[in-house]
Each structure stands twice: as structure tokens, then as C-alpha cells.
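Down below is the structure, laid out as C-alpha cells.
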Protein chains: 2
Amino acid sequence: MTYETKKGAKSDTARFFWRGRLWLEGPEGTFLGYGRVVLLERIRDSGSISAAARSMEMSYKHAWDLLDSMNRQAGCKLVETCRGGKAGGGARLTPAGMKAVALFKHYHARFKELLAELDNGLNLLGWDKGSE
Amino acid sequence: MTYETKKGAKSDTARFFWRGRLWLEGPEGTFLGYGRVVLLERIRDSGSISAAARSMEMSYKHAWDLLDSMNRQAGCKLVETCRGGKAGGGARLTPAGMKAVALFKHYHARFKELLAELDNGLNLLGWDKGSE
DNA sequence: CTCCTTTATGTTTTTTGGTATATAACGGAA
DNA sequence: TTCCGTTATATACCAAAAAACATAAAGGAG
């Protein structure tokens, strides 16, 4: 999953295209969103919160706050950590964390599908290809 | 179209639910989004930019900036205005503006459909109804 | 005991997306 | 000609979000 914060490559014949955001929300606000799930994946792959945050050009504190929010809302830890030792410490996804990533990606894929589908119909309605 | 900035009523048996945003993007950034289209609708219904802005608790300037952005990006005016006169002035949607509203609402309806659909499958995957 | 790197957490600073405020132009009605 | 409410536009201000910075604690290795 690449970490797209801006639009990707697009046909330059079309002036406009659909974009969107999808997230899972709970009583405390956002539970899982795109950036949060990328963070989880990076932690899974690097074994470190700080490395994951660095790779996303995100401050450690911000990453930690997001994880804290996710762990609290999930009711169980999605990421478990340890401090000290040879490598200084580390972090890894719990089974619940893995599940969260899979769940979001599954639903997000359907969302991306819809965006692509909407884009396909768009040029039929004028306003595209300078038809106005 | 109600102007929902926060979640609406939801079944309180489900802990989480899907939310999202959809917008039409162009080279200059957002062209049409939810708030922008509500603004257009309010202008259509009230005949006034300032009345529309007031009804959304939005500053006139912010509303005007949004309209300016939309008019410029569309290549033609979505809203036409006049100053002075008995009522002080006014604004109304052009045919292109009407079309923009209809277009967005059409696509947004499909988006809302998807969100509802995603919510329906959600409780099957654990993490809901306290099953974890 | 001292490094090292990371987790954990608080405080300060900056950025940013808006509101608030001010001012001018407009043009019909009184 | 003076009002009025609106469009149009610039500038000042503010508050929430994010970043930047600071500091402590952990624990294995040397």
C-alpha cells in the first residue's frame, strides 16, 4: 500500500476526477483510516514505531498518539511494544492489529473500485475534455 | 440535502461505522465537494450568497472564496450575482450551476449507497457488538 | 556504570484554515 | 441625495491541529 496523500498519475485529457476518503468511525472519532493503517503496516514491516513514523515523515509523537487512539478504541492492543535492550526497543502488530489492517484494506479496496467506476462515467456528462 | 458535518443517528448496537468524503478534484484542487454543493443549493433556494452563508454558519468571505474557486475552475460561472437595487443585490445559479449540483448529488448518492453497504457487512467480521 | 536506541509523555512553537472586521461599490427606493 | 442590504475584497485575528523540541525510562551490551 503506497502512502498517497496527493493525487497519483492521471490521464491529462480529463480535467476532473473523483477523490475521496474512507474511515471507520467510533464514539471517540476516527478508529481506522488510511494513514493509520499505513502506519500499522510500516510498523509490521519495520518492527519499530519510530522507523515507521520516519518513513512516513510523521513525528514520533503523532504516530504514538494515533496508536494510542487505536489501541484504546479497539479495546485490545493492535500494537505491542517493548523498551530497552540491544535495539533499544521495538514494536509489532498483534493478531488483532493484523486483522485491523486486513479489514480496512478489504473495505478500502471496494471504495477505490467505486472511485474508479465514478471516474469512468464522468466524461459522459460534459464538463470534461473542455466540452463546455 | 441536509448539511451533515457530523454523524447522524446510528444503531447503538454497532460500535463502529464507515464514514467518508467524496469530492471532484481538478488541477487547482477541490472543485466540487459536499459543503460546496450545499452552498450552491442554499444560494439557489435563497437567492443570496450572504443568506446562504449565514444559514450554514459560514462567513461570507469563505462562501465567496468557495464560489470564486468553483467559477474559475468550471471555466464558466456557476453562480451569477448582481449588486445594488431594492434588495441590495442577489445571486442565482446558472444552468451550469444547476448541472453541477445535479451531477454531484448523483455521484454522491452512489457513494452513500456504498457506505451503507459497507456498514451492513461490518458486524460479520468481529470487532462489532463487543465480540472481541 | 555508561552507551545506545527506542518507547513514553509533556511542553512549546508553528502552521493553517478559518472567522471577524473594515471598507468600497452598487443601484433602486424613499 | 440619502438610505439600505448585498456583492466584492483586503487585512487582522484566533483557535485547533500538527510539528518541533525536550526529557525521562527502559534494559541489554560493552
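Chain identifiers are assigned alphabetically (A, B, ...) following the order of the sequence lines, protein sequences preceding nucleic acid strands; residue numbering begins at 1 within each chain. Note that the structure is predicted; figures quoted are calculated from it, not measured.
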Which donor-acceptor pairs under 3.5 Å do side chains of residues 44-51 of chain A form with protein atoms, sequence neighbours excluded?
from: A/S46; atom 1: OG; to: A/R42; atom 2: O; distance (Å): 2.7
from: A/S46; atom 1: OG; to: A/S48; atom 2: N; distance (Å): 3.3
from: A/S46; atom 1: OG; to: A/S48; atom 2: O; distance (Å): 3.1
from: A/S48; atom 1: OG; to: A/S50; atom 2: N; distance (Å): 3.2
from: A/S48; atom 1: OG; to: A/S50; atom 2: OG; distance (Å): 3.2
from: A/S48; atom 1: OG; to: A/A51; atom 2: N; distance (Å): 2.9

Kindly say whether the aromatic ring centers of B/Y34 and B/W23 come within a distance under 6.0 Å. no

Note: B/E41 and B/V101 closest approach over all heavy atoms is CG-CG1, 3.8 Å

Using 30° and 60° as the class limits, which term best fits the ring planes of B/F111 and B/H108: parallel, tilted or perpendicular? tilted

Checking all strands, does B/E57 fall into the base, sugar-phosphate, or nothing category for heavy-atom contacts under 4.0 angstrom? sugar-phosphate

Going 5' to 3' along nucleotides 4-12 of chain D, which nucleotides have protein heavy atoms under 4.0 Å from the base (write B), which only from the sugar-phosphate (write S), and which from neither (write -)? -BBBBBBB-

Supply the atom-to-atom distance A/D65 CG to A/M70 CE, rounded to the nearest 0.5 angstrom. 10.5 Å

Interatomic distance, A/L66 CG vs C/dA8 C1' [rounded to whole Å]: 15 Å

